[in-house]
Amino acid sequence: MAVDRELYGREAVLDGSGLAARLTGLTPYSFAAVAYEHGDDPPVTVFTGGRGMGKTALLKQVRNAYRGGTPLALLDCAHIEPPLDHGPGWNPLTGALAELAVQLSPRVLSARPVEFPRLSLGLAAVAVTGWSQEDDDRARRDLQRLGPVLATVDEAKGAAGTWVSKVLAKLAASAAEATAPLAGVLAEATVETLLEEVFGRYQRRSKGWYGAYRNAGGRGELGLHQLAVDFELGGRRREEAEGFLVGALVEDVRRAYVGLTRRGTRRGRPVVLLDNAHLPLGRRLVEPVLRDRSAGRRDQLVILASSRDRDHEGLRRATRTRLPEVAHRAPCPRGADITSGVLAVELTPLSAAHTRAVFDRYDTAGRTSAGLPRAVHRLTGGRPLAVELLGRAAGGVRAADRGGLTPGALLDLAVELREDTAPVPVAGTLLAELLPRGLRPDVAAVLAAAHDEESARVLARTRLRGASVDGDMALLVRDALREDGWAEGGGRFVADPLLRALLLHRLRFHDAGAPEYAAWRAVHETLHRHYGPEPTPHRLRQELALGRTEETVTELRLAFPGPDILGWLERLRCVASAPYPREHRRTGPDPRRAVALGEGPGGPLPDGLDADATALHLCLRRLLHAVWLLTDPLALPDDDVVEKLAHELRQLSGRHLTGTSPLWDAATHWPRDIRAWRGLTVPPGREDGV
């Protein structure tokens with residue numbers, strides 16, 4: 001079977017001897033036998049990582065690798081769609097269990113379908129919870145939805161639905177005669193009909209499994225009765241009933257492997273894949289399994305899940321490791337806490353080499369700039385989702401035009417994700433995937449211009465009045481980013497370079513730039529006023545963001561003779577970190593390049609400068625534009641500009657009375673920093689200088 005998609009850097013899971021093979025006992029695609037690493041007690045494996053780290057893609061690839069070779073199901077805990085007009089007997093957990101059973105049931109290589117008689121009885125018992133004779137249409141619909149699960153017991157009888165009318169008739173008679181709690185009585189009537197109409201002689205024995213339920217005393221019919229009553233009660237009792245239903249699914253799968261058939265007739269282990277398992281539904285599905293395993297009960301299920309929250313309470317005593325470390329071994333010692341049965345594997349970013357490989361796959365002729373993949377890696381931090389989409393976008397550009405691409409240009413493009421759909425905007429698509437759910441992108445885009453919480457709150461008060469009735473918009477956005485695991489600090493309210501770039505892209509271009517980038521200008525003018533009249537670095541940053549550079553050059557010139565040259569270099573670095581006011585889909589060289597090289601105008605000189613001051617002013621203008629261009633995550637390093645940067649710093653070293661050494665060091669080390677794709681160091685060359 002062909003691989004649907006190359007997942008670079010995920011070989012530790014998908015190789016022939018990788019983690020998935022050692023857990024399932026089967027190699028991907030070929031289904032050859034592999035020794036189990038954990039014997040009869042496999043851990044629940046949870047892949048952790050933020051948005052865009054490839055959790056969903058990895059689970060889907062595992063599905064593709066094992067589909068047809070072993071029973072398998074993939075469930076997204078964030079998307080369990082409720083059926084229309086369902087009764088109280090349906091909730092996300094019962095809906096998820098039904099979906100898992102249907103996916104796990106089909107025949108696979110050399111093995112007959114898995115049947116789910118125990119789960120079917122349990123779901124049937126709670127399906128009619130809350131039923132009344134005045135609403136038998138809804139009861140009919142609720143029962144009919146059990147058809148796919150009952151079809152795993154008997155495909156013809158379960159799918160036919162003739163049993164539904166008989167159940168309804170018995171329910172009506174039972175309800176009329178009932179003196180006990182109605183939920184239990186209706187559950188007994190439903191189960192009794194199903195056993196008569198759908199289940200075979202052997203399958204009817206599965207009712208006995210519910211004899212282990214609370215107060216059942218070994219009698220299955222009493223267990224099902226109590227299960228329905230507890231489900232209807234809600235609260236802790238419902239949780240207990242739901243946990244038992246999860247156990248019913250696991251037990252049905254276990255019996256398919258070790259029931260009346262001889263052990264070993266099935267190869268490998270079945271697989272359940274749970275995406276977004278950090279959500280409450282994921283915990284309700286996984287914790288009953290962990291609890292039973294902690295109590296010594298063994299099953300055959302391999303559970304692979306994903307969690308965006310690496311500090312989730314459900315991982316409190318998990319064995320933690322990083323993806324490359326599980327390539328050959330993944331120990332997971334079990335302790336007293338049930339969560340010690342979890343192996344939490346942190347997904348690591350793609351390396352620069354992996355990013356290069358993605359671009360090579362989409363640009364087989366090698367027409368893109370040699371520095372583009374590395375620049376994309378710097379911008380994205382190696383997030384697989386972004387690397388893949390930007391690589392695809394680059395491959396969609398005419399070969400003759402690929403050499404001029406930059407990361408910023410890639411964000412301006414549209415990309416065709418599927419042949420049968422229209423191209424979608426790269427920046428908008430990425431932002432929709434990465435922004436925390438519930439955050440309005442227009443609101444977050446405004447706040448992305450801020451450098452800290454204080455300036456974000458200023459923007460919230462002045463630019464976002466009425467955006468929220470729940471409190472300070474800046475604090476709401478801050479908390480949403482924290483909850484989603486986004487980094488903080490680094491002199492930015494939105495610290496992650498990729499997320500910030502996407503939000504600023506929206507701020508500048510969401511209105512197609514008309515009239516004259518009004519939203520961008522208004523936001524940065526607001527911050528400019530906030531920082532007051534003094535030429536602080538943050539005020540000067542806003543000057544650059546607005547496309548005005550000469551005040552910044554003047555202030556750098558006036559401050560240059562001072563004794564604190566390291567502080568001056570830090571000031572230059574801070575100011576030059578301003579977002580560049582790009583024009584949409586502009587082609588050709590970056591305008592900053594010509595100014596940095598002294599080949600283009602940078603604006604009129606201030607009045608009254610003598611020759612020496614004029615030379616210093618022009619030198620600093622070139623230096624500012626060089627640093628601004630070379631540290632821009634949306635631009636590409638330019639060797640000519642790097643050399644010019646070093647030249648200007650050496651010239652400044654000869655001009656300064658006391659700061660010769662730091663400036664000379666900057667001329668040496670800053671080009672190295674740029675070529676190594678890291679931030680400029682202050683003091684220059686110090687590992688802790690960033």
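Worth knowing before you read on, the calculation uses all heavy atoms, side chains too, and leaves out hydrogens, waters and symmetry mates. Just so you know, residue 1 is the first one in the sequence shown, and it goes up from there.
- Among all heavy-atom pairs drawn from Trp677 and Gly371, the shortest one is CH2-O, 3.5 Å.
- Counting heavy atoms from C-beta outward, Thr549 and Trp628 have side chains that approach closer than 4.5 Å.
- Annotation: side chain of Arg374 is not in contact with side chain of Arg356 (no heavy-atom distance under 4.5 Å).
- With 3.5 Å as the limit, one finds a donor-acceptor pair spanning the side chains of Ser351 and His354.
- For the salt bridge (charged side-chain N to carboxylate O under 4.0 Å, His left out) test with Asp638, the passing option among Lys644, Arg593, Arg592 is Arg593; the others fail.
- Residue Glu483 places its CD atom among 12 or fewer non-hydrogen atoms of other residues, nucleotides or ligands, all under 6.0 Å distant.
- With a 6.0 Å cutoff to the six-membered ring centre and a 45° limit on the axis angle, Arg508 counts as a cation-pi contact of Tyr517.
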Give the table of side-chain donor-acceptor pairs shorter than 3.5 Å for residues 441-453, with sequence neighbours excluded, one pair per line with atom names and distance.
residue, atom, partner, partner atom, Å
Asp442, OD1, Arg440, NE, 3.3
Asp442, OD2, Arg440, NH2, 2.9
His451, ND1, Tyr531, OH, 2.4
His451, NE2, His538, NE2, 3.2
Asp452, OD1, Glu454, N, 3.4
Asp452, OD1, Ser455, N, 2.8
Asp452, OD1, Ser455, OG, 2.7
Glu453, OE1, Arg478, NH1, 2.9

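- A heavy-atom distance below 4.5 Å is not found between the side chains of Leu323 and Glu346.
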Would you check, one step at a time, whether the test salt bridge (charged side-chain N to carboxylate O under 4.0 Å, His left out) holds for Arg650 with Glu643? CA-CA 11 Å; Arg650 284 193 292 267; Glu643 292 299 326; 5.2 Å; no

Test Glu543 against His524 for side chain to side chain donor-acceptor pair (under 3.5 Å), laying out the working first. CA-CA 8 Å; Glu543 287 281 324; His524 287 288; over 6 Å; no

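- A donor atom on one side chain and an acceptor atom on the other are not found under 3.5 Å apart for Tyr362 and Arg402.
- The distance from the CZ atom of Phe47 to the CG atom of Leu59 is 6.5 Å, given to the nearest 0.5 Å.
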